[in-house]
Amino acid sequence: MREIKVHEITAAVSKLCKDSCYYLPEELLEKLKASIATEESPLGQEILTTIVENAELAKAKDVPICQDTGLTVVFMEIGQEVHFVGGDLYEAVNAGIADGYVGGYLRKSSVDDPLFVRKNTGDNTPAIIHTTIVPGEQVKITVSPKGCGSENMGALKMLKPADGVEGVIKFVVDTVRSAGPNPCPPVTVGVGIGGNMEKAALLAKYSLTRKVGEHNPNPQYAELEKELLKRVNMTGVGPSGLGGSTTAVAVNIEYAPTHIGGLPIAVNLNCHAARRAEMVL
């Protein structure tokens with residue numbers, strides 16, 4: 001049994017909040033750079049060049065990539081041999097977020113009541129926290145701030161099993177096409193297939209923590225990712241929704257077993273600033 005003091009979690013989350021908002025993942029930045037050469041639209045090339053320059057300036061100056069530093073989504077893979085001491089785990093995570101957002105001068109976007117009062121919490125807490133128990137004695141923390149422009153463009157549908165692969169492709173492509181410029185393309189498309197309603201949505205969100213260019217280990221789903229990326233980029237939405245051949249940089253699929261009568265599917269879009277940072281304790 002390994003003991004981890006919760007103040008270590010607070011410090012880790014605080015650092016990850018700043019890192020994720022200041023620095024784009026390297027593989028995403030390289031993909032955006034490569035897309036400049038392959039983009040068919042001159043305006044699209046100009047937009048992609050500006051996106052890359054913005055990301056590099058944010059990294060050089062330690063400032064947020066985007067003014068919308070989002071709701072903070074935290075995925076934690078907790079080894080079953082870990083014992084947390086010194087306080088409440090969720091309180092420690094939220095303390096880290098408050099420290100990271102206040103100390104890092106990140107915009108605070110969380111409101112305490114979604115419908116009536118909608119008062120800003122002042123420190124971007126509480127986080128959206130997802131935990132899973134895994135073998136071992138380590139804790140992997142992934143912080144992925146998510147702005148609302150892209151989050152608002154997500155969609156979920158309970159397909160029929162008979163809709164099959166073509167039904168999945170149609171729903172994903174239609175969702176991206178309908179989103180247009182709103183999620184600030186080029187997007188990363190997260191797709192969750194299977195489970196039930198809430199599981200499909202969680203799978204779609206979790207898929208966005210995967211590196212750009214890293215495919216699902218199942219070869220059939222890997223091929224579907226490639227086909228979906230091709231079809232999405234044929235929509236012509238393009239960078240910033242102003243036309244072009246670079247509507248998405250990746251499509252990531254996660255799947256789960258489901259009921260014989262169901263085929264749930266969810267789509268979650270990340271904007272071009274697909275922020276992510278992780279640490280293992």
Side-chain angles (χ1 to χ4, degrees), residues 9 12-13 16-17 19-21 24-25 27-28 31 70-80 89-90 93 97 126-136 138-148 150-159 168 171-172 175-176 179 183 187-222 224-226 228-229 232 248-258 262-281:
I9 301 294
V13 170
L16 290 172
C17 283
D19 286 354
S20 61
C21 287
L24 272 190
E27 86 285 348
L28 172 57
K31 177 66 175 179
L71 286 179
T72 316
V73 181
V74 179
F75 288 94
M76 300 184 72
E77 296 179 15
I78 302 171
Q80 61 187 13
L89 175 61
Y90 279 25
V93 170
I97 289 162
I128 311 296
I129 305 173
H130 304 290
T131 58
T132 53
I133 304 300
V134 299
Q138 293 181 319
V139 177
K140 180 181 178 182
I141 307 170
T142 302
V143 171
S144 183
K146 186 73 154 49
C148 218
S150 58
E151 187 71 2
N152 281 346
M153 295 297 103
L156 184 145
K157 188 171 184 179
M158 308 302 286
L159 295 177
V168 166
F171 179 69
V172 173
T175 299
V176 176
V187 294
T188 306
V189 184
V191 181
I193 303 173
N196 57 4
M197 184 180 286
E198 71 269 22
K199 181 67 173 180
L202 181 56
L203 289 169
K205 179 61 66 66
Y206 180 70
S207 75
L208 294 173
T209 65
R210 193 196 308 163
K211 290 182 178 180
V212 169
E214 183 179 290
H215 288 290
N216 192 293
N218 182 311
Q220 289 180 297
Y221 284 93
L224 182 56
E225 289 173 338
K226 295 172 186 176
L228 280 167
L229 180 60
V232 164
V249 294
V251 176
N252 296 345
I253 299 174
E254 293 290 331
Y255 69 96
T258 190
L263 181 57
I265 178 169
V267 173
N268 197 288
L269 303 178
N270 252 349
C271 69
H272 64 77
R275 294 160 292 194
R276 182 189 76 250
E278 60 187 41
M279 183 185 299
V280 176
L281 298 179

**Student:** Would Val189 and Val176 count as a side-chain contact (heavy atoms from CB on, under 4.5 Å) if you check the C-alpha gap in whole Å, the side-chain angles of each, and the deciding distance to 0.1 Å?
**Tutor:** CA-CA 8 Å; Val189 184; Val176 176; 4.1 Å; yes
**Student:** Which heavy-atom pair separates Met153 from Pro183 by the least distance, and what is that distance?
**Tutor:**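 Between these two residues, the closest heavy atoms are CG-CD, 3.9 Å.
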**Student:** With a 6.0 Å cut-off (strictly less than), is the heavy-atom count around CE of Met158, excluding the residue itself, greater than 12?
**Tutor:** yes
**Student:** Roughly how far, to the nearest 0.5 Å, is the CD1 atom of Ile141 from the CD1 atom of Ile9?
**Tutor:**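 Output value for this atom pair is 4.0 Å.
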**Student:** Please enumerate all residues that pass side chain to side chain donor-acceptor pair (under 3.5 Å) together with Asn270, with sequence neighbours excluded.
**Tutor:** none
**Student:** Can you confirm whether Thr258 sits close enough to Pro264 that some side-chain heavy atom of one is under 4.5 Å from a side-chain heavy atom of the other?
**Tutor:** yes
**Student:** For Tyr221, check ring pair (Phe, Tyr, Trp, His ring centres under 6.0 Å) against everything at least two apart and list the hits.
**Tutor:** Tyr255
**Student:** How about Asn268 and Lys146: do any of their side-chain heavy atoms sit closer than 4.5 Å?
**Tutor:**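 The answer is yes; the side chains approach within 4.5 Å.
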**Student:** Sequence neighbours excluded, which residues qualify as salt bridge (Lys or Arg N to Asp or Glu O under 4.0 Å) partners of Arg275?
**Tutor:**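 Salt bridge (Lys or Arg N to Asp or Glu O under 4.0 Å) check on Arg275 returns nothing, list empty.
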**Student:** To the nearest 0.5 angstrom, please state how far the NE2 atom of His130 sits from the OG atom of Ser144.
**Tutor:**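 Those atoms lie 10.0 Å apart.
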**Student:** Please name the pair of heavy atoms, one in Leu203 and one in Ala256, separated by the smallest distance, quoted to 0.1 Å.
**Tutor:** CD1-CB, 3.7 Å
**Student:** So which heavy atom on Thr175 is nearest to which on Val267, and how close?
**Tutor:** CG2-CG1, 3.9 Å
**Student:** May I ask you to decide if Ile133's main-chain N or O and Gln80's side chain share a donor-acceptor pair within less than 3.5 Å?
**Tutor:**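 A pair under 3.5 Å: no.
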**Student:** Give the intermediate values and the outcome of side-chain contact (heavy atoms from CB on, under 4.5 Å) for residues Leu89 and Ile129.
**Tutor:** CA-CA 11 Å; Leu89 175 61; Ile129 305 173; over 6 Å; no
**Student:** Of all heavy-atom pairs between Cys271 and Ser150, which one has the smallest distance, and what is that distance?
**Tutor:**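 Scanning both residues completely, I find the closest heavy atoms to be N-CB, 3.7 Å.
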**Student:** Of all the heavy-atom pairs spanning Gly194 and Ala200, show the shortest one and how long it is.
**Tutor:** O-CB, 3.6 Å
**Student:** Quick check on side-chain contact (heavy atoms from CB on, under 4.5 Å): which of Thr72, Val143, Leu16 does Ile97 satisfy it with?
**Tutor:** Thr72
**Student:** For Ser20, which residues count as a side chain to side chain donor-acceptor pair (under 3.5 Å) partner, sequence neighbours excluded?
**Tutor:** none
**Student:** Got a donor-acceptor contact below 3.5 angstrom from the Glu254 side chain to the Tyr206 backbone?
**Tutor:** no
**Student:** Counting C-beta onward and ignoring hydrogens, is there a side-chain heavy-atom pair between Asn252 and Asn216 closer than 4.5 Å?
**Tutor:**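 No, too far: nothing below the 4.5 Å cut-off.
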**Student:** OG1 of Thr188 to NE2 of His272: how many Å apart, nearest 0.5 Å?
**Tutor:**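 Between Thr188 OG1 and His272 NE2, I get 11.0 Å after rounding to 0.5 Å.
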**Student:** If the condition is side chain to side chain donor-acceptor pair (under 3.5 Å), which residues does Glu214 pass it with, not counting sequence neighbours?
**Tutor:**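 Expected list: none.
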**Student:** In terms of side-chain geometry, is the basic nitrogen of Lys211 or Glu278 positioned less than 4.0 Å from the acidic oxygen of its partner?
**Tutor:** no
**Student:** How long is the gap from CZ on Arg210 to OG1 on Thr142, to the nearest 0.5 Å?
**Tutor:**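 Result: 13.5 Å between the selected atoms.
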**Student:** The criterion is side chain to side chain donor-acceptor pair (under 3.5 Å); which residues satisfy it with Gln138, sequence neighbours excluded?
**Tutor:**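 Gln138 satisfies side chain to side chain donor-acceptor pair (under 3.5 Å) with no other residue.
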**Student:** Does the side chain of Met76 reach to within under 4.5 Å of the side chain of Val93, using non-hydrogen atoms?
**Tutor:** yes
**Student:** Please say whether more than 12 non-hydrogen atoms of neighbouring residues, nucleotides or ligands are located less than 6.0 Å from CD in Gln220.
**Tutor:**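 At most 12 heavy atoms, drawn from other residues, nucleotides or ligands, come within 6.0 Å of this atom.
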**Student:** Could you tell me whether Lys205 and Glu151 make a salt bridge, using a distance below 4.0 angstrom between a side-chain N and a carboxylate O?
**Tutor:** yes
**Student:** Output the distance between atom CD1 (Ile253) and atom CD1 (Ile265), rounded to the nearest 0.5 Å.
**Tutor:**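 Separation between the atoms: 7.5 Å.
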